Amino acid sequence: MPEETIFTKIINGDIPSKKVFEDDQCICIHDVSPQAPVHLLMIPRKPIPRLVDASPEDKALLGHLMIKIGEVARDLGIGDAFRVIMNNGANAGQTVFHLHFHIVAGANFDEHKMV
Ligand code: 5GP
């Protein structure tokens with residue numbers, strides 16, 4: 001079994017977090033070290049380490065996360081301007097090996113730059 005990540009500890013309630021949404025498949029929390037005025041993390045309960053480790057059986061789950069990201073963004077009033085980012089692998093900046101999407105908003109986005 002891979003070691004429990006900090007996100008599994010948060011999901012299990014062993015570490016506190018500021019939750020904005022949760023259901024039977026995912027939780028959405030505020031990032032502890034925000035990089036923008038709004039910085040959320042959408043995390044599946046299932047501990048898939050990286051996107052490349054996802055399999056076809058995760059198709060519905062990944063779709064669910066996307067739909068919930070849209071709903072959460074709409075509910076928080078950032079539906080017109082937010083970015084969704086996923087870091088896959090240490091060399092791309094991933095530090096927690098439990099797949100998650102960053103949702104960032106409120107920053108002065110450069111329209112044409114991804115990073
Ligand atoms: P990654 O670098 O893996 O793409 O993103 C991991 C994110 O998790 C980082 O933005 C980091 O600030 C956040 N993070 C790490 N530990 C905690 C924690 O204990 N609580 C919360 N809410 N966020 C965390």
Side-chain angles (χ1 to χ4, degrees):
M1 279 289 280
E3 212 175 294
E4 222 178 52
T5 68
I6 197 124
F7 291 165
T8 294
K9 292 187 174 103
I10 286 172
I11 287 164
N12 291 340
D14 298 331
I15 290 179
S17 65
K18 272 175 70 185
K19 271 184 207 145
V20 297
F21 174 80
E22 70 179 314
D23 67 10
D24 61 330
Q25 296 183 67
C26 60
I27 65 165
C28 185
I29 62 173
H30 286 274
D31 196 295
V32 77
S33 176
Q35 305 297 309
V38 179
H39 186 171
L40 309 171
L41 301 169
M42 182 62 81
I43 309 168
R45 291 185 186 277
K46 182 177 177 182
I48 303 164
R50 303 167 302 169
L51 184 60
V52 289
D53 301 311
S55 64
E57 74 180 30
D58 300 314
K59 192 170 161 182
L61 172 60
L62 294 174
H64 181 79
L65 295 176
M66 281 293 150
I67 297 298
K68 291 299 164 189
I69 286 171
E71 288 179 8
V72 164
R74 208 165 49 221
D75 290 351
L76 292 182
I78 58 167
D80 285 335
F82 67 97
R83 279 190 180 158
V84 177
I85 298 157
M86 178 186 284
N87 298 322
N88 180 98
N91 289 334
Q94 186 175 3
T95 57
V96 180
F97 288 85
H98 181 141
L99 177 157
H100 54 281
F101 292 99
H102 296 257
I103 305 160
V104 291
N108 215 347
F109 293 130
D110 181 320
E111 287 172 46
H112 305 294
K113 282 198 176 153
M114 291 292 290
V115 290

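We count ligands from 1, going down the list as the structure has it; atoms in each ligand are counted the same way. These numbers were taken from a predicted model, which means no experiment stands behind them.
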**Student:** Could you give the distance from CD1 (Ile6) to CD1 (Ile43), rounded to the nearest 0.5 Å?
**Tutor:**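 Those atoms lie 10.0 Å apart.
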**Student:** Hey, which residues fall under 4.0 Å of ligand 1 on heavy atoms?
**Tutor:**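 Its neighbours under 4.0 Å (heavy atoms only) are Ile6, Phe7, Ile10, Ile29, His30, Asp31, Val32, Ser33, Leu41, Asn87, Gly93, Gln94, Thr95, Val96, His100, His102, given by chain and number.
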**Student:** Which heavy-atom pair separates Met42 from Cys26 by the least distance, and what is that distance?
**Tutor:**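 The pair with the smallest heavy-atom distance is SD-SG, 3.9 Å.
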**Student:** Should Leu51 and Leu62 count as side-chain neighbours, where that means a heavy-atom distance under 4.5 Å?
**Tutor:**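 Leu51 vs Leu62: side chains touch.
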**Student:** Does atom CG (Asp80) have a neighbourhood of more than 12 heavy atoms from anything else shown, all under 6.0 Å?
**Tutor:**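 No, because the 6.0 Å sphere around CG of Asp80 holds 12 heavy atoms or fewer from other groups.
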**Student:** Is the His102 to His100 ring centre distance short of 6.0 Å?
**Tutor:**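 His102 vs His100: aromatic centres under 6.0 Å.
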**Student:** For the residue pair His39 and His30, is the inter-centroid distance of their aromatic rings smaller than 6.0 Å?
**Tutor:**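 Centroid distance His39-His30: not below 6.0 Å, so no.
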